[in-house]
Structures are given as C-alpha cells and as structure tokens.
J.: 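First the structure, then my questions, so here it is.
Note that this is a predicted model, so its numbers are computed, not measured.
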2 protein chains.
Amino acid sequence: MFDVFFTHVNEKVSLTIAEQEQLKTFFLPKKLRKKQYLLQEDDVCRYMAFVEKGLLRSYNVDDRGNEHMLQFAWEGWWIADTYSFLSEEPAAYNIDAIEDAELLLLSLPQFEEMTLQIPKMERYFRILFQNNIIAKERRLISSITYSAEEKYLRLSASNPELVQRIPQHLIASYLGITPETLSRIRKNLLHRQ
Amino acid sequence: MFDVFFTHVNEKVSLTIAEQEQLKTFFLPKKLRKKQYLLQEDDVCRYMAFVEKGLLRSYNVDDRGNEHMLQFAWEGWWIADTYSFLSEEPAAYNIDAIEDAELLLLSLPQFEEMTLQIPKMERYFRILFQNNIIAKERRLISSITYSAEEKYLRLSASNPELVQRIPQHLIASYLGITPETLSRIRKNLLHRQ
DNA sequence: AAATAGCCTTGATCTAGATCAAGAGAAAGT
DNA sequence: ACTTTCTCTTGATCTAGATCAAGGCTATTT
C-alpha cells in the first residue's frame with residue numbers, strides 16, 4: 001500500500017525505517033472506483049491524495065458545461081485542489097477517477113503535523129512543489145506560445161505515457177482545444193508520416 | 001535594502017533579530033537599470049532575485065521573434081527561471097528590468113545552505129512555492145477556459161496593480177493575445193460603460 | 001446477443017482573434 | 001528643440017480552430 005509512496009519520497013530525501021513507520025500513521029488509505037469523485041466543486045478539498053495505483057484527473061466546468069482538464073495523476077503523483085486544501089475555501093475543481101485507484105489521503109492538520117515532526121518531509125514537499133512549479137511554467141508558456149499542433153507534439157514528446165494512457169478527448173481538453181481539432185491534427189500528422 | 005524582504009518573510013514565518021542578521025549574509029545586493037538583463041536565454045540562471053524596488057519581467061522569444069511574458073515581479077516578489085536555477089541547465093527565458101530595480105540575489109549553494117541552516121526558511125520557501133502553484137494553476141485554467149475579454153477582465157479584477165503598472169502590450173503578451181486585440185477589447189469595454 | 005453509451009472521425013460552416021498596414025501621441029536620447 | 005523610438009489605436013483582411021451535425025466503431029451493461 002505504501003510501496004510507490006516510499007519509493008517516491010526516497011528519490012528526494014532518504015528515510016530511515018523508523019521514519020517510514022511514523023509516516024504511515026499520517027495517512028488515510030482509500031480506494032476509488034472508476035468515475036467516482038474524490039472532490040466536487042464547491043466542497044472543501046480536505047485531502048491531498050497520493051496515487052498508489054490507478055488514474056485520476058482534476059478539471060473545472062465552465063458556464064456552458066465544458067470540462068477543462070487541469071491535471072492528470074497516476075502512480076507516483078499527488079493530486080488536490082491546492083488552493084482549497086490550504087485555505088479551506090470551496091474548491092474550484094472536480095477530481096475523479098479515470099481508472100480504479102488506490103490512494104493515500106493526507107489531511108491539512110496531518111500535513112502540517114508531518115512537516116513539523118519530520119523535517120525531511122518539509123524538504124520533500126518543498127522539492128515537490130518546486131517541480132510542480134516548473135511543470136506548470138512549461139505548460140503555461142506552451143499554452144500562450146504555440147499552435148494547437150505544436151502543443152500536441154510537445155506534450156507527446158515530454159509526456160508519452162500521458163498520450164498513451166489518457167482518452168483523446170481528455171487530452172484535447174488538457175491542451176485547451178476541441179476533440180475535433182485534435183482528431184484532425186493527428187490525422188494530419190499521420191498523413192505526413 | 002532588506003526592508004521589503006524581511007516584511008515579506010515575517011508575514012509567513014517570524015524571524016528573530018539574530019536570524020535576520022544571519023539571513024543578510026546569504027544575499028548579494030544588486031541594482032539593475034531599466035532594460036538591463038538579469039538573465040538571457042541559454043545562460044544558466046545563477047540566482048533567484050527578490051525585488052526590493054522596481055519591476056522586472058521574465059519572457060521567452062519564439063521562432064518568429066514574438067515575446068511571451070511568463071511573469072512580472074515588483075516589490076515583494078521573487079523572479080528566476082526556476083528550472084534553470086535548480087538544474088543548472090541553460091535558461092529558456094529572459095529576465096530584464098521594466099523599471100530601474102534593486103534586487104537581493106540568492107545563489108543555488110546559498111539557497112541550499114540557507115534552507116538547511118535556518119529551518120524557518122525551508123518553511124518559508126515551501127509556503128512561497130505553494131502560493132506560486134496556486135497562482136499558476138489559476139492562470140492556466142484561465143488560459144484554457146476563457147475568451148480574450150474574459151481573461152483580461154479576470155486579470156484586472158485579480159491584479160489591478162499589474163494592469164496599472166505594466167505597459168499594455170506586455171499585458172497582451174501575458175494573456176497570450178496581440179496588442180491590437182487588447183486595444184480593441186478595452187475600447188469595447190469603455191463603450192459599454 | 002442486444003442495447004446503450006462513450007469515443008473518435010469527417011464534413012460543412014462560422015467566428016474570434018491574428019496579421020498586415022498605417023498613423024498619432026508620448027517619451028527618451030542627442 | 002529635434003530626431004528617433006515606443007506605445008497605442010483603428011481599419012481591412014485572413015485563418016486557425018470552434019461549432020454544428022452526423023455516422024461508425026468499441027466497450028459496457030443488461
């Protein structure tokens with residue numbers, strides 16, 4: 001249940017066996033079936049979720065009912081509405097499972113407690129957040145700089161697993177384009193080898 | 001020289017006088033004239049810069065010579081190419097001064113040393129990075145969800161200082177639209193009161 | 001094995017925003 | 001004071017990508 005998590009943490013800070021045992025106590029394990037919600041818009045996001053197994057997504061829904069993908073998370077990723085989680089204000093996003101999933105949930109009090117009791121985890125989260133900033137910066141630049149086709153090519157290059165594992169219409173939404181446009185782009189790319 | 005910085009840090013973690021004195025030793029103060037570069041694309045970003053006074057921007061330039069604004073930073077903000085700084089790989093962005101500026105520079109070794117010697121600063125940066133993630137998430141959602149006009153209205157509402165202080169064509173670039181489009185949007189908004 | 005729903009594709013048409021072009025102020029440099 | 005360079009505006013035209021519509025293919029569900 002904690003295998004993926006410990007591997008992930010140990011890549012950034014090395015934990016003793018005792019620290020690993022202590023760490024376990026902060027989490028609430030949870031299983032989620034495909035299509036089940038972890039969080040719905042306007043509820044407060046009470047947990048950050050670490051994905052041990054499966055695949056989740058976070059997204060918002062606009063006035064016209066269109067979904068806009070913010071993030072996908074599979075084995076080894078965290079997912080939450082960061083703002084809602086930290087501020088305890090209502091969430092702006094939905095989070096649900098694209099594939100059946102096993103999660104480790106961490107509440108805000110447990111998160112605060114963990115970072116204070118285990119300084120290595122303060123460091124782990126700082127590094128995690130750093131990497132998250134870098135990823136978001138890239139996506140942002142991509143979204144304001146490149147054409148739909150270029151965005152898709154860059155995503156395929158930087159994240160091949162995502163392109164293989166996620167349904168195409170969700171990738172389109174992640175890129176900020178329509179499913180029709182993505183379909184045509186892919187057809188075009190095949191056409192030119 | 002450190003006034004804005006200490007105020008900013010003390011909002012997140014409270015420092016003793018001794019800690020403040022110790023903190024000063026990690027920084028390299030620097031003044032930058034309008035239009036001067038702090039960082040050029042392909043150089044390694046050796047410093048994170050805290051802005052004590054003035055206004056900087058980070059941006060990249062595409063194949064056709066168009067600039068795309070990633071961030072603006074004035075009094076109380078940090079600016080860097082986060083990826084380049086942490087990885088010591090060549091930078092993807094340029095950073096320069098829009099207004100004359102006074103900066104506090106922090107190198108990677110000093111950053112690492114600071115977070116290890118002063119645990120409060122580890123915490124400060126974790127919180128800083130958290131807030132940065134939240135801001136970038138918002139901008140990302142905005143960029144894939146809303147029309148040009150809606151993006152501009154949301155930016156004006158959430159960041160009035162930015163809209164007043166930054167030249168219009170740079171705001172257009174920040175929003176991922178052309179200066180002509182932004183000009184027309186503003187004309188239109190005035191027209192309807 | 002049917003029925004249903006979800007996903008992808010293709011075609012026809014429309015539109016928000018880009019591009020190209022030119023001029024007018026405002027600011028900055030000499 | 002006089003260029004020169006920026007910045008913003010307005011008009012005319014173009015285009016990438018959206019929207020609307022429909023059909024086929026694959027999974028699920030019953």
Side-chain angles (χ1 to χ4, degrees), chain A residues 33-36 54-55 57 59 61-69 72 94 96-100 142-156 162-192, chain B residues 32-36 54-55 57 59 61-69 72 96-100 142-156 162-192:
Chain A
R33 282 275 166 71
K34 191 172 170 168
K35 295 195 183 176
Q36 245 187 294
L55 174 60
R57 61 172 181 157
Y59 60 100
V61 182
D62 67 23
D63 320 324
R64 284 186 295 169
N66 295 319
E67 297 178 350
H68 303 273
M69 297 307 125
F72 300 110
N94 300 282
D96 64 21
I98 300 178
E99 300 170 7
D100 290 356
S142 187
S143 90
I144 61 177
T145 305
Y146 301 110
S147 69
E149 181 176 301
E150 283 168 320
K151 279 180 219 177
Y152 176 69
L153 286 172
R154 285 176 167 261
L155 183 67
S156 309
L162 191 151
V163 174
Q164 284 186 318
R165 194 162 173 182
I166 314 266
Q168 204 172 301
H169 68 287
L170 298 183
I171 295 176
S173 165
Y174 183 82
L175 293 173
I177 62 180
T178 58
E180 294 95 327
T181 296
L182 182 53
S183 173
R184 281 185 254 262
I185 285 169
R186 283 168 50 92
K187 186 185 171 192
N188 234 300
L189 289 171
L190 282 174
H191 213 245
R192 314 181 234 141
Chain B
L32 213 61
R33 282 276 166 70
K34 190 171 170 169
K35 295 196 183 177
Q36 243 186 297
L55 175 58
R57 61 172 182 159
Y59 61 100
V61 182
D62 67 24
D63 320 324
R64 284 187 295 171
N66 295 319
E67 295 178 351
H68 303 273
M69 298 307 126
F72 300 109
D96 64 21
I98 299 177
E99 300 170 6
D100 292 355
S142 187
S143 89
I144 62 178
T145 305
Y146 301 109
S147 69
E149 182 176 301
E150 282 168 320
K151 280 180 218 177
Y152 176 69
L153 286 172
R154 286 175 166 261
L155 184 67
S156 308
L162 192 152
V163 174
Q164 285 187 317
R165 193 162 172 183
I166 314 266
Q168 205 171 302
H169 68 287
L170 298 183
I171 293 176
S173 165
Y174 183 82
L175 293 173
I177 63 180
T178 58
E180 293 95 328
T181 296
L182 182 53
S183 174
R184 281 185 255 260
I185 285 170
R186 285 168 50 93
K187 186 184 170 191
N188 234 300
L189 289 171
L190 281 174
H191 213 244
R192 313 182 234 141

J.: Looking only at side-chain N and O atoms, does B/Glu150 offer a donor or acceptor that is under 3.5 Å from a partner on B/Ser147?
T.: yes
J.: One pair to check against side-chain contact (heavy atoms from CB on, under 4.5 Å): B/Tyr174 and A/Ile144. What are the steps and the verdict?
T.: CA-CA 8 Å; B/Tyr174 183 82; A/Ile144 61 177; over 6 Å; no
J.: Taking all heavy atoms of B/Ile171 and all of B/Ile166, pick out the closest pair and write down the distance.
T.: CD1-O, 3.5 Å
J.: Could you tell me which residues satisfy salt bridge (charged side-chain N to carboxylate O under 4.0 Å, His left out) with A/Glu149, sequence neighbours excluded, listed by chain and number?
T.: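 Result, salt bridge (charged side-chain N to carboxylate O under 4.0 Å, His left out) vs A/Glu149: A/Arg192.
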J.: Of all residues at least two apart in sequence or in a different chain, which pass the side chain to side chain donor-acceptor pair (under 3.5 Å) check with A/Asp62?
T.: A/His68
J.: Can you tell me the distance, in whole Å, between the CG atom of B/Leu190 and the C1' atom of D/dT9?
T.: 13 Å
J.: Give me the residues of residues 146-153 of chain A where at least one heavy atom lies under 4.0 Å from an atom of DNA chain D, by number, or none.
T.: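 Those residues whose heavy atoms fall under 4.0 Å from DNA chain D, taken from residues 146-153 of chain A in numerical order, are A/Ser147, A/Ala148.
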J.: Before giving the answer on side-chain contact (heavy atoms from CB on, under 4.5 Å), spell out for A/Leu55 and A/Asp100 the whole-Å C-alpha distance, their side-chain angles and the decisive distance to 0.1 Å.
T.: CA-CA 7 Å; A/Leu55 174 60; A/Asp100 290 356; over 6 Å; no
J.: Between A/Met69 and A/Ser173, what is the shortest heavy-atom contact and its length?
T.: N-OG, 2.9 Å
J.: Which atom pair, heavy atoms only, marks the closest approach of A/Ala172 to A/Leu182?
T.: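 Looking at all heavy atoms of both residues, the closest pair is N-CD2, 3.7 Å.
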J.: Show me the protein contacts with nucleotides 28-30 of chain D, counting only N or O atoms at under 3.5 Å.
T.:
none

J.: Under 4.0 Å between a side-chain nitrogen and a carboxylate oxygen: does that hold for B/Glu67 and B/Arg57?
T.: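 Result for this pair is yes, salt bridge flagged.
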J.: Salt bridge or not between A/Lys35 and A/Asp96? Use side-chain N to carboxylate O under 4.0 Å.
T.: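 Salt bridge flag = no for A/Asp96 with A/Lys35.
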J.: Has A/Thr178 got a side-chain N or O lying under 4.0 Å from the OP1 or OP2 atom of D/dA18?
T.: yes
J.: So A/Thr145 and B/Asn66, side-chain contact (heavy atoms from CB on, under 4.5 Å) or not? Walk me through it.
T.: CA-CA 9 Å; A/Thr145 305; B/Asn66 295 319; over 6 Å; no
J.: Could you state the interatomic distance from CG (B/Leu32) to CD (B/Glu99), rounded to the nearest 0.5 Å?
T.: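 B/Leu32 atom CG to B/Glu99 atom CD measures 12.0 Å (nearest 0.5 Å).
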J.: So what stems show up for DNA chain D if we need 3 or more Watson-Crick or G-U pairs in a row, all under 3.5 Å?
T.: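 DNA chain D forms these stems: C:1-30 with D:1-30.
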J.: Using the six-membered ring of B/Tyr152, assess whether NZ or CZ of B/Arg186 lies under 6.0 Å from its centre and within 45 degrees of the ring axis.
T.: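 Relative to the ring axis of B/Tyr152, which defines the angle, B/Arg186 lies outside at least one limit.
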J.: Base contacts versus sugar-phosphate-only contacts with protein, heavy atoms under 4.0 Å: please encode nucleotides 5-13 of chain C as B, S and - from 5' to 3'.
T.: --SSBBBB-
